[in-house]
Amino acid sequence: MKKQISPAETFMARAVSRGTLLCACTGIALCVAGGAVAQTSLNPSIRVATPLNQTPFAPGSSVPPLPQPEALWPDPFGWNSWLRDRGVAILLDNTNEFTGNIGSVTPGYGLRMGSSNAGQYGLENDIDWEKLAGWTGFSTHAVAVGRYGIPASRMFGDNMDPSSEIYGGGGNVFFHFVYGYGEETLWKGRFDVAAGRIPFLNDFSSNPLYCNFMNNAFCGNPKASSDNTAHSSYPDSNWALRLRFRPTTTTYIQTGVYFDQAGIYGVQQYRTGLKFNGADINGETVPVEIGWEPTFGHGTLPGHYKFGYARDTVDHKDVYYDGFGNAWALTGLPPRQDHGANAAWFLVDQMLHHFKGGASDAGVTFLGGFYYNTEKISMRSEQYEAGFLARGFWAARPHDAIGVNFSYIRVSPLASKTQTLQLLEGVAPGSLLNGAYGPQSYGMNLEANYQIHVYRGITFAPDFQYYFNPGGQRVLHDTAMLGFKSHIELF
């Protein structure tokens, strides 16, 4: 029986062509099949890069359509249709990532060859309260996950570009609450406000197409974006208020305030994600992002250009100086507390060529980005990246995709100076600042994969990664990894 395409699926299909698929720190693979997106956890920011004329609101409705990805079991026992008719959507998926080292391992540091697996299952609930209870423009969104495993890149000494992004944050627990918030959408998407527990990086400095890849340098955000712990990253969230305005069809400006919480990435207090009180709020982050979403080539070449800046009021540990302006690696005094930090970014995705006769997302897209952090409080002070993604190039496999991406991360020179001094002071490799084995300077990562659409709701992507200066450490040999990333959208 031919699958009926719902309005929500039409919206999601258009979102694919527009590059609006969010993976902000979700670690969930992006795949496109039959024009629909086979992925849970898109809803937090799928609006970010969707021009006004791309959201097909139902007649008389102010709430964008609920997500309805292609799924292995789209309507079990009919209950999914029954719920959706009443404005309720429930999604369940699994992402699994396996990597193994096929290159050399640097001797003398206790490192080793090996492989490892990491994964996540995710449960999402979205409710259209306008349909359910008549509350104009209001919807709610919540996600919980369970995570398991570790990235294999740790085995050969990398602590900068984890080979599997779908790890950590929530700990190896059965249930971890990721986010829950309410969203009010007015004037057919021209104004949107959200409030609740929201990850900062769901909406800001995110490029949805990056989660076609597996390395954490790319998916779900540029890795430097979460270097500042004041920038909460999926699967962890803060109390927050976010505002978005769309002055024209192809532009937006968004801002907000995120109440930062000490220890958000530590499992001691946030293992389940259910610590909701604000007793450990230690500052605020205020971001601003401006986006332009042009379409060239007579409507066939969509692009997204994002400029952003964020300032926080958190006290950060200085990576070099103590409270008296001397190197803490020499004095033995605690690092000084630097009040506030800056971050800035520019992200772009632009389709360069559309395959004639193919779907709207069939083409070659360029991905690029730059991220900056205040170097006195960061390990990753700068990140540059560039890559290409091609989908629909093979007529016999129109939903398959091939991608290649390259990342360059510059480590803070102040952090490198501290590590050099620590070695002179007799600190053992592996116990230096950031757990380094030697002074960190810069590291590069190259990733290439082929994403196979196996069946409705199922993708499998063989993956190759090459590490130049693993963890930004010249004392470690370059090495390579092979693995795969799989995704199953159950319903």
Side-chain angles (χ1 to χ4, degrees), residues 6-15 18 20-24 26 28 36-37 39-69 71 79-93 122-145 177-200 202-204 206 208 234-235 237-246 252 254-256 258 276 489 491:
S6 71
E9 287 180 303
T10 303
F11 163 61
M12 299 294 275
R14 292 176 179 175
R18 289 294 198 170
T20 61
L21 296 178
L22 173 75
C23 300
T26 65
I28 303 176
V37 181
Q39 181 177 331
T40 292
S41 193
L42 294 177
N43 211 45
S45 295
I46 198 165
R47 325 275 201 275
V48 175
T50 306
L52 288 174
N53 60 359
Q54 293 298 310
T55 305
F57 291 88
S61 175
S62 298
V63 176
L66 298 178
Q68 189 168 354
W79 61 262
N80 205 342
S81 296
W82 187 89
L83 287 173
R84 286 180 177 277
D85 288 343
R86 289 153 180 80
V88 179
I90 298 177
L91 288 74
L92 178 67
D93 78 335
L123 177 66
E124 176 178 346
N125 171 239
D126 300 278
I127 301 176
D128 178 348
W129 290 92
E130 183 172 310
K131 181 180 288 188
L132 185 65
W135 187 341
T136 302
F138 187 68
S139 58
T140 56
H141 315 280
V143 164
V145 300
F177 178 78
V178 177
Y179 62 74
Y181 65 93
E183 182 177 21
E184 182 70 26
T185 305
L186 299 174
W187 307 309
K188 297 298 183 180
R190 287 196 176 272
F191 174 74
D192 187 276
V193 57
R197 298 286 296 184
I198 309 174
F200 172 91
N202 268 13
D203 292 322
F204 293 90
S206 64
Y234 189 108
S237 56
N238 305 114
W239 290 111
L241 171 70
R242 189 266 298 143
L243 305 170
R244 185 179 302 127
F245 307 90
R246 290 190 173 275
Y252 70 83
Q254 60 179 356
T255 186
Y258 292 76
F276 297 148
E489 183 72 33
F491 52 78

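Hydrogens, waters and symmetry mates are skipped; everything else that's a heavy atom, side chains included, is used.
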Heavy-atom side-chain contact between I90 and L123 under 4.5 Å: yes
Closest non-hydrogen atom pair between P67 and L91, with its separation: O-CD1, 4.2 Å
Heavy atoms of S237 and P199 approach each other most closely as CB-N, 3.5 Å
Which pair of non-hydrogen atoms, one from E184 and one from T136, has the smallest distance, and what is that distance? OE2-O, 2.6 Å
Over 60° means perpendicular and under 30° means parallel, so tell me whether W79 and F491 are parallel, tilted or perpendicular. perpendicular
With rounding to the nearest 0.5 Å, note down the distance linking CD in Q254 to CZ in R242. 6.5 Å
Would you name the heavy atoms of G137 and S62 that are closest together and state the gap between them? CA-CB, 3.7 Å
If you round to the nearest 0.5 Å, how far is CG of D192 from OG1 of T185? 4.0 Å
Got a second to check how far N125's CG is from T140's OG1, nearest 0.5 Å? 6.0 Å
Can S139 and D128 be counted as having a side-chain donor-acceptor contact under 3.5 angstrom? no
Of the non-hydrogen atoms in R246 and Y252, which two are nearest, and what is the gap between them? NH1-CB, 3.7 Å
Between W135 and E130, is any pair of side-chain heavy atoms under 4.5 Å apart? no
Between V193 and L241, the two heavy atoms sitting closest are CG2-CD1, 3.6 Å
Interatomic distance, CD1@I198 vs CZ@F204, rounded to 0.5 Å, equals 9.5 Å
Mind checking whether F191 and W187 have parallel, tilted or perpendicular rings, split at 30° and 60°? tilted
What is the distance from atom OG of S61 to atom NZ of K131, rounded to the nearest 0.5 Å? 7.5 Å
Would W239 and R197 satisfy side chain to side chain contact (heavy atoms under 4.5 Å, CB included), going step by step from the backbone distance to the final call? CA-CA 5 Å; W239 290 111; R197 298 286 296 184; 3.2 Å; yes
Over 60° means perpendicular and under 30° means parallel, so tell me whether F200 and Y258 are parallel, tilted or perpendicular. perpendicular
Let me confirm one number: the CG-CD distance from D93 to E489, rounded to the nearest 0.5 Å. 5.0 Å
Using modelled atom types and a 3.5 Å cut-off, is there a donor and acceptor pairing between side-chain atoms of R190 and backbone atoms of L186? no
